[in-house]
Trainee: 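Mind having a look at this structure? Questions to follow.
Numbers here simply count residues along the sequence, with the first being 1. All values reported here derive from a predicted model rather than from experimental measurement.
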Amino acid sequence: MGRSCLPRWRLGRLMAGLQLILGLVVITVSLSCLYRFHSAGYFLHNEDICRTIYTIKQVKNNEGFDLKALHDRVDDVLEKMDNLYDKLEKTLKEMEKSKEGSKREIKKFLEDEVMKPFYHAHIGLRQIRLPNPEGIRNSTEKEDPLINKFLVEEIRKYITPKENRVGKVNMFGTERVYNTIGHSCVLMKMELEKYMDYDVGAYCDDDWNLAQKLMVNGCDPLPRRRCLTRASMTYQKPYPINESLWKLPDDRNVRWGNYLCRNFACLSSKNPKRGYTKCTGCFEMEKENTKWVKNSTLLADFLIDDVLRVKPGEVRIGLDVGVGTGTFAARMREKNVTIVTTAMNLGAPFSEMIALRGLIPLYISLNQRLPFFDNTMDMIHTAGLMDGWIDLLLMDFMLYDWDRVLRPGGLLWIDRFFCKKKDLDDYMYMFLQFRYKKHKWAISPKSKDEVYLCTA
């Protein structure tokens with residue numbers, strides 16, 4: 001067989017040179033497209049200009065500017081860049097296996113001078129979202145929402161609608177699936193991009209506190225992530241259920257890095273530097289063990305047995321909305337009632353504590369609609385969360401959401417709600433507007449200017 005007139009190393013350089021030239025050609029075409037976009041005004045963000053310039057009808061009527069052709073052209077360039085990038089990457093992998101010094105130099109040159117600039121140009125071009133001339137399927141919108149608000153590619157991938165692979169309507173009756181994020185995410189762009197900046201398939205940062213900050217500020221729901229969640233490296237098997245309800249969990253089962261305390265003993269109400277203010281003493285099981293089962297000196301305290309006698313045998317499942325460690329759910333479990341407990345880690349591991357007790361924590365903020373279907377809950381109980389600080393309109397939306405999930409004949413237990421005396425009539429109206437039957441009702445003084453209200 002005949003042999004090539006050129007040595008292998010020269011042939012490799014020749015191939016690399018050809019690939020470099022092809023890459024530069026594609027980058028030139030890309031920059032040309034970007035210049036066309038800029039000339040057409042697509043990088044301007046003035047809403048008045050957008051309304052007068054960028055409507056599909058006007059662009060189509062603009063002589064010399066064919067939006068559909070431009071859209072197709074960009075798609076074609078992107079496809080060519082994808083193919084070329086794959087070829088270059090394959091060549092680099094082959095060169096990695098070579099031990100020849102000249103090929104290693106070529107590999108380094110291609111990585112630094114071709115692949116990296118090529119990749120950034122590729123991503124930059126993909127981040128431009130042109131209006132779709134035909135609209136989005138059966139939608140009247142010409143562009144997918146929020147795409148151009150973020151630069152981190154993982155966020156853009158998440159919020160980009162996902163077409164059904166079969167090309168038909170799916171089991172939910174839709175042609176595509178939209179991943180949702182809270183509308184306030186656009187106001188916390190820097191924090192969200194930090195949260196979504198990770199290596200796919202690697203371990204996530206220990207940043208649950210950043211996620212919670214986003215949630216409580218309205219960026220809720222958060223986008224899903226494609227990284228592995230961290231856990232305590234010394235995690236121990238939880239206690240059995242006959243022990244876990246009324247026993248502090250093992251300190252080793254919590255990631256303490258983002259708390260002031262480093263163990264459960266530190267969370268005692270006697271420690272002024274415990275890191276949280278709500279639910280003082282709720283990590284002390286000897287105090288928790290008396291709640292809702294022993295009479296107190298406060299008139300506005302109802303016992304679980306007294307409330308359950310109102311609906312004997314009817315309360316099976318329910319929701320506890322508050323700040324705590326799951327003691328109400330633990331007491332109800334002893335009565336064969338299943339309670340889901342809402343929890344946010346406001347300075348202490350409330351969610352972990354509830355789960356380690358063998359109960360169900362629901363990590364949800366006040367901002368979010370309850371993830372339950374209509375008329376499904378036998379009971380909703382709230383204590384320690386909705387007090388006199390809450391805005392009346394926010395409270396109204398929350399109460400109507402509770403009414404939505406309560407079944408007919410369900411029980412709403414407002415437990416130790418407190419407010420200023422002068423505001424009592426406003427809050428009483430909020431509770432009474434639904435015309436629920438009042439089985440139990442009590443008002444008692446909390447201080448000179450404040451009162452407790454308890455109703456079921």
Side-chain angles (χ1 to χ4, degrees), residues 216 269-270 272 274 276-284 287-288 290-311 318-325 327-328 331 339 341-344 346-348 350 364-368 370 377 379-406 410-456:
V216 298
S269 58
K270 298 177 182 178
R274 59 186 176 272
Y276 68 100
T277 55
K278 277 285 188 180
C279 189
T280 303
C282 59
F283 288 91
E284 300 166 40
K287 292 182 179 179
E288 294 291 285
T290 63
K291 288 185 175 179
W292 295 291
V293 293
K294 291 186 178 180
N295 287 308
S296 71
T297 57
L298 187 65
L299 178 64
D301 255 352
F302 298 158
L303 303 183
I304 281 179
D305 286 337
D306 294 339
V307 174
L308 290 182
R309 272 195 290 269
V310 170
K311 300 276 184 178
L319 175 68
D320 181 25
V321 182
V323 179
T325 54
T327 295
F328 181 79
R331 282 296 178 207
I339 297 291
T341 306
T342 65
M344 297 289 287
L346 303 174
F350 291 101
I364 188 173
S365 67
L366 290 180
N367 313 327
Q368 197 167 342
L370 291 175
M377 291 289 134
M379 168 189 280
I380 292 181
H381 170 265
T382 181
L385 179 68
M386 252 188 7
D387 296 322
W389 65 269
I390 193 167
D391 175 77
L392 291 176
L393 184 57
L394 171 60
M395 186 177 185
D396 210 26
F397 276 108
M398 290 177 62
L399 289 174
Y400 272 97
D401 197 30
W402 295 1
D403 177 75
R404 176 184 63 81
V405 302
L406 269 177
L411 195 62
L412 176 61
W413 183 353
I414 307 296
D415 197 357
R416 280 201 177 197
F417 175 88
F418 70 87
C419 63
K420 293 183 178 179
K421 287 182 180 178
K422 65 183 181 65
D423 297 329
L424 181 59
D425 288 343
D426 292 334
Y427 286 112
M428 284 181 62
Y429 169 78
M430 303 299 288
F431 297 128
L432 296 175
Q433 64 177 320
F434 297 96
R435 297 181 176 88
Y436 294 157
K437 183 179 179 179
K438 295 188 289 295
H439 302 282
K440 299 180 75 66
W441 181 277
I443 297 175
S444 64
K446 180 179 185 289
S447 64
K448 180 180 178 181
D449 299 319
E450 295 179 312
V451 292
Y452 280 116
L453 168 66
C454 196
T455 180

Trainee: To the nearest 0.5 Å, tell me how far Ile380 CD1 sits from Ile339 CD1.
Mentor: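 Output value for this atom pair is 10.0 Å.
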
Trainee: Can any side-chain N or O of Thr342 pair as donor or acceptor with the backbone N or O of Gly322 at less than 3.5 Å?
Mentor: yes

Trainee: Using ring centroids (six-membered ring only for Trp), state whether Phe434 and Trp402 fall under 6.0 Å.
Mentor: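 Here the rings of Phe434 and Trp402 have centres that are no less than 6.0 Å from each other.
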
Trainee: To the nearest 0.5 Å, how far apart are CG in Leu411 and CE in Met379?
Mentor: 4.5 Å

Trainee: Measuring only between side-chain heavy atoms, which start at C-beta, is Phe328 closer than 4.5 Å to Ile304?
Mentor: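 Result yes, sub-4.5 Å side-chain heavy-atom pair found.
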
Trainee: About how many Å separate CG of Leu453 and CZ of Arg416, when rounded to the nearest 0.5 Å?
Mentor: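 That separation rounds to 13.0 Å.
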
Trainee: Using atom types as modelled and distance alone, determine if a side-chain donor or acceptor of Thr382 lies under 3.5 Å from a backbone N or O of Val321.
Mentor: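 Judged by distance alone, yes, a pair lies under 3.5 Å.
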
Trainee: Without swapping roles, check the side chain of Thr455 against the backbone of Lys440 for a donor-acceptor pair under 3.5 Å.
Mentor: yes

Trainee: Are Leu319 and Val405 packed together at the side-chain level, in the sense that at least one heavy-atom pair is separated by less than 4.5 angstrom?
Mentor: no

Trainee: Working note: Met377 + Leu370, criterion side-chain contact (heavy atoms from CB on, under 4.5 Å); need CA distance, chi angles, decisive distance, verdict.
Mentor: CA-CA 11 Å; Met377 291 289 134; Leu370 291 175; over 6 Å; no

Trainee: How close do Phe302 and Ala456 get, counting heavy atoms only, and between which atoms?
Mentor: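 Nearest heavy atoms, Phe302 then Ala456: CE1-N, 4.2 Å.
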
Trainee: What I'd like to find out is whether the side chain of Val307 reaches to under 4.5 Å of the side chain of His381, using heavy atoms alone.
Mentor: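 Counting from C-beta outward, Val307 and His381 never come under 4.5 Å.
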
Trainee: Looking only at heavy atoms, which two atoms of Gly324 and Phe350 are closest? And how far apart?
Mentor: O-CD2, 3.3 Å

Trainee: Checking the side chain of Lys421 only, and the main-chain atoms of Lys448 only, is there a donor and an acceptor separated by less than 3.5 Å?
Mentor: yes

Trainee: Show the nearest heavy-atom pair for residues Cys282 and Thr325, with the distance to one decimal.
Mentor: O-OG1, 2.8 Å

Trainee: List the steps and the verdict of side-chain contact (heavy atoms from CB on, under 4.5 Å) for Trp413 and His439.
Mentor: CA-CA 10 Å; Trp413 183 353; His439 302 282; over 6 Å; no

Trainee: Supply the atom-to-atom distance Cys419 SG to Met428 CE, rounded to the nearest 0.5 angstrom.
Mentor: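 Rounded to the nearest 0.5 Å, the SG-CE separation comes to 9.5 Å.
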
Trainee: Between Leu303 and Asn295, which heavy-atom pair has the shortest distance, and what is it?
Mentor: CD1-OD1, 3.4 Å

Trainee: Write down the atom of Asp391, the atom of Leu394, and the distance for their closest heavy-atom approach.
Mentor: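 Minimum heavy-atom separation between Asp391 and Leu394: OD2-N, 3.1 Å.
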
Trainee: What's the separation between atom OG in Ser365 and atom CG in Leu346, rounded to the nearest 0.5 Å?
Mentor: 10.5 Å

Trainee: Main chain of Met430, side chain of Gln433: is a donor-acceptor contact present, judged purely on distance under 3.5 Å?
Mentor: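 Side chain of Gln433 to backbone of Met430: a pair is present.
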
Trainee: Would you say Glu450's side chain and Phe418's backbone share a donor-acceptor pair under 3.5 angstrom?
Mentor: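 Side chain of Glu450 to backbone of Phe418: no pair is present.
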
Trainee: Does Arg274 make a cation-pi contact with Tyr276 (under 6.0 Å, within 45 degrees of the axis)?
Mentor: yes

Trainee: With ring-ring contact (aromatic ring centres under 6.0 Å, His included) as the test, pick out the partner of Phe417 among Trp441, Tyr452, Tyr427.
Mentor: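 Of the listed options, the one satisfying the test is Tyr427.
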
Trainee: Dump the intermediate steps for side-chain contact (heavy atoms from CB on, under 4.5 Å) on Phe431 and Lys438, then the final yes or no.
Mentor: CA-CA 10 Å; Phe431 297 128; Lys438 295 188 289 295; over 6 Å; no

Trainee: Before giving the answer on salt bridge (charged side-chain N to carboxylate O under 4.0 Å, His left out), spell out for Asp387 and Lys278 the whole-Å C-alpha distance, their side-chain angles and the decisive distance to 0.1 Å.
Mentor: CA-CA 12 Å; Asp387 296 322; Lys278 277 285 188 180; 3.1 Å; yes

Trainee: Considering all heavy atoms of both residues, which atom of Arg331 and which atom of Thr290 are nearest to each other, and what is their separation?
Mentor: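 Here Arg331 and Thr290 meet closest at NH2-N, 4.3 Å.
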
Trainee: Quick one: pull up CG in Asp396 and CG in Asp401 and give me the separation to the nearest 0.5 Å.
Mentor: 11.5 Å

